[in-house]
Amino acid sequence: MALCCAISNEVPEHAVVSPVSGCIYEKRLIEKYISENGTDPMNGEKLSVEMLINVKTSPLVKPRPPSATSIPAILKSLQDEWDAVMLHSFTLRQQLQTARQELSHALYQHDAACRVIARLTKEVTAAREALATLKPQAGITAGAPGYAAVQPVYAAEAGIERADQPMEEAGMTDDVLQKLQEKATTLTAERKKRGKTVPEGLATVDDIRTYRQQASHVGLHSASIPGILALDICLRDTSRVATGGNDKNAVVFNKDTEQVFAILKGHSKKVTGVIYHPEEDLVFTSSPDTTIRVWGVQAAQCAQIIRAHDGPVTGISLHATGDYLLSSSTDTNWAFSDVRTGRVLTKVSDGAGATALTCAQFHPDGLIFGTGTEDAIIKIWDLKERTNVANFPGHSGPITSISFSENGYYLATSADDSVVKLWDLRKLKNFKTITLDDGYEVKSLCFDQSGTYLAVAGTDVRVYLCKQWQELKVFNDHTALATGVRFGHNSSFVASTSMDRSLKFFSM
């Protein structure tokens, strides 16, 4: 029998019994009634909360509501639940669409920001190049300390109409041959006089080993076409450096003031060769556009255009007199030109079956020179007779660089075979082969002015001690292939260029 509250006539959740009347009440209802009246509701007798007796009953289970007691009612409940789920799903889809729109807008803003950043970066690069262009003008106006304003006397004679086609040979006159012989005799006598003495102030082996990067300059050439391809240093003032770049320009840079002194613009293709005249403010450049240009540094103007070749010019070398220039080309010819007049004095090919020439270099005395070929041969030529007097085979792959030592006896050569070969010009044989790492690329070789050290540039930059051919130092500071290397006065520093756009200086 179910208990029933005397007040509400419902089954009580917390049943209590009144000892006065014996009736059962809902605890919360009778407590409220007692607090207001203080008597039992059934008989009116006095009753207090403390007198109530709790009745222990089993937990109340509420019956199912009448709305869920039939199949139609259950179906209606399920339908209501389904509608609620669909409404929730619709709300989620709306939120997803809003999130997608917000994400799309954020990505669009990011893309626009990236475009703005790229444009600003381009403008900054252009501004830097413009600033670099303005620096030489200031330098020309003020003049360089310790320099007289040396202007080439033939600067006004230059004209683009000079040679749309390769020039005709002017011939090697007796005066030219006599001049070459006299210079060679003088240089040979000076070399014998110097003997084997080491120049005073020459950097020692221990000095070279302590060299480290002291400066790095990356703003000389355009960032849009990166890469410096050629390097040379003025022997009169080794603070002056000339570089040739992928951006078709040559740049004259002052190492001490860290300023660009001149930007030489005129080539229609990249500048692959550059020479700084040892006594005058002249720079010579060569390019695959088949031309060689002579520049006056002070005015930053082209003084002569020498068109000696039908194909890309691959190498240039200045004669010891400072008046004549040797050049090589893929057209299989080497040419000997007068830099004062721009005239080609002689042009020679190695006969039928000749292959493209890849580099050229004068011997220090100037009466012989070497050329490298695409089929891995080094050829030695007699300039006066214009004949091939010796061949040095042994490399594999096109010759990439050759360099004569100042002592007049040694020739260093490299090719696409990861070795450097040393040749004795007296015995006409290879006496030493420096084997480099597998896959090592050699792009430039250079002896210092005393013939004591040999520098190798390529995958990295290395310095070797001559005669012992001992590796003294390796510089790994470039982040791309090194393309040029030169020594400063008395090897007091080493300069190198690279495809990473940088010109670096190493010293103590």
Check for a donor-acceptor pair, side chain of K379 on one end and backbone N or O of T373 on the other, with a separation under 3.5 Å.
no
Pairwise distance CG(L472) to CZ(R462) - rounded to 0.5 angstrom:
12.5 Å
Close aromatic pair by centroid cut-off 6.0 Å: F506 and Y211
no
Return the CD1 to OG distance between I208 and S507, rounded to the nearest 0.5 Å.
10.0 Å
Cut-off 3.5 Å, side chains only: do T433 and N430 have a donor facing an acceptor?
yes
Does a donor on one side chain sit under 3.5 Å from an acceptor on the other, for S414 and S401?
no
Are side-chain heavy atoms of T290 and K269 found at a separation under 4.5 Å?
no
Exercise: identify the closest heavy-atom pair between Q214 and M508:
NE2-O, 3.3 Å
Should we count NZ of K255 as having more than 12 external heavy atoms under 6.0 Å?
yes
Applying side-chain hydrogen bond (donor to acceptor under 3.5 Å, both in side chains) to T479 and not counting sequence neighbours gives D500
Show the nearest heavy-atom pair for residues V339 and Q304, with the distance to one decimal.
O-CG, 3.8 Å
Does the side chain of N407 pick up a donor-acceptor pair with the side chain of S405 at under 3.5 Å?
yes
Check: F392 ring centroid to W423 ring centroid under 6.0 Å
yes
Between S327 and W334, is any side-chain donor less than 3.5 angstrom from a side-chain acceptor?
no
Taking atom types as modelled, is there a side-chain donor on Q298 or D281 under 3.5 Å from an acceptor on the other?
yes
Check the pair D424, R426 against salt bridge (charged side-chain N to carboxylate O under 4.0 Å, His left out), reporting the backbone distance first and the verdict last.
CA-CA 5 Å; D424 190 322; R426 297 164 295 183; 3.2 Å; yes
Exercise: do T188 and D365 side chains pair donor with acceptor under 3.5 Å
yes
Can a donor-acceptor pair be found between the side chains of H221 and T243 at a distance below 3.5 Å?
yes
R293 side chain reached by I306 side chain, heavy atoms, under 4.5 Å:
no
F431 atom CZ, neighbour heavy-atom count above 12 within 6.0 Å:
yes
Reported OG-to-OH distance for the pair S418 and Y440, which is rounded to 0.5 angstrom
9.5 Å
Per-pair distances, 0.1 Å, donor-acceptor, side chain in residues 115-122, under 3.5 Å, sequence neighbours excluded:
{"from": "R115", "atom 1": "NE", "to": "D111", "atom 2": "OD2", "distance (Å)": "3.0"}
{"from": "R119", "atom 1": "NH1", "to": "E123", "atom 2": "OE2", "distance (Å)": "3.1"}
{"from": "T121", "atom 1": "OG1", "to": "I117", "atom 2": "O", "distance (Å)": "2.8"}

Might you work through the side chain to side chain contact (heavy atoms under 4.5 Å, CB included) test for I378 and H395, ending with a clear yes or no?
CA-CA 9 Å; I378 298 98; H395 280 290; 3.6 Å; yes
Between F336 and Y324 (judged by ring centroids, cut-off 6.0 Å), do the two rings come close enough to count as a pair?
yes
Is the number of heavy atoms from other residues, nucleotides or ligands under 6.0 Å of K504 NZ greater than 12?
yes
D331 side chain to S329 side chain, donor-acceptor N/O pair below 3.5 angstrom:
yes
Could you state the interatomic distance from CZ (R240) to CG (L235), rounded to the nearest 0.5 Å?
13.5 Å
Under a plain distance cut-off of 3.5 Å, with no hydrogens placed, do T371 and S328 share a side-chain donor-acceptor pair?
no
Distance only, no hydrogens: is a donor on one side chain within 3.5 Å (strictly under) of an acceptor on the other, for T285 and W295?
yes
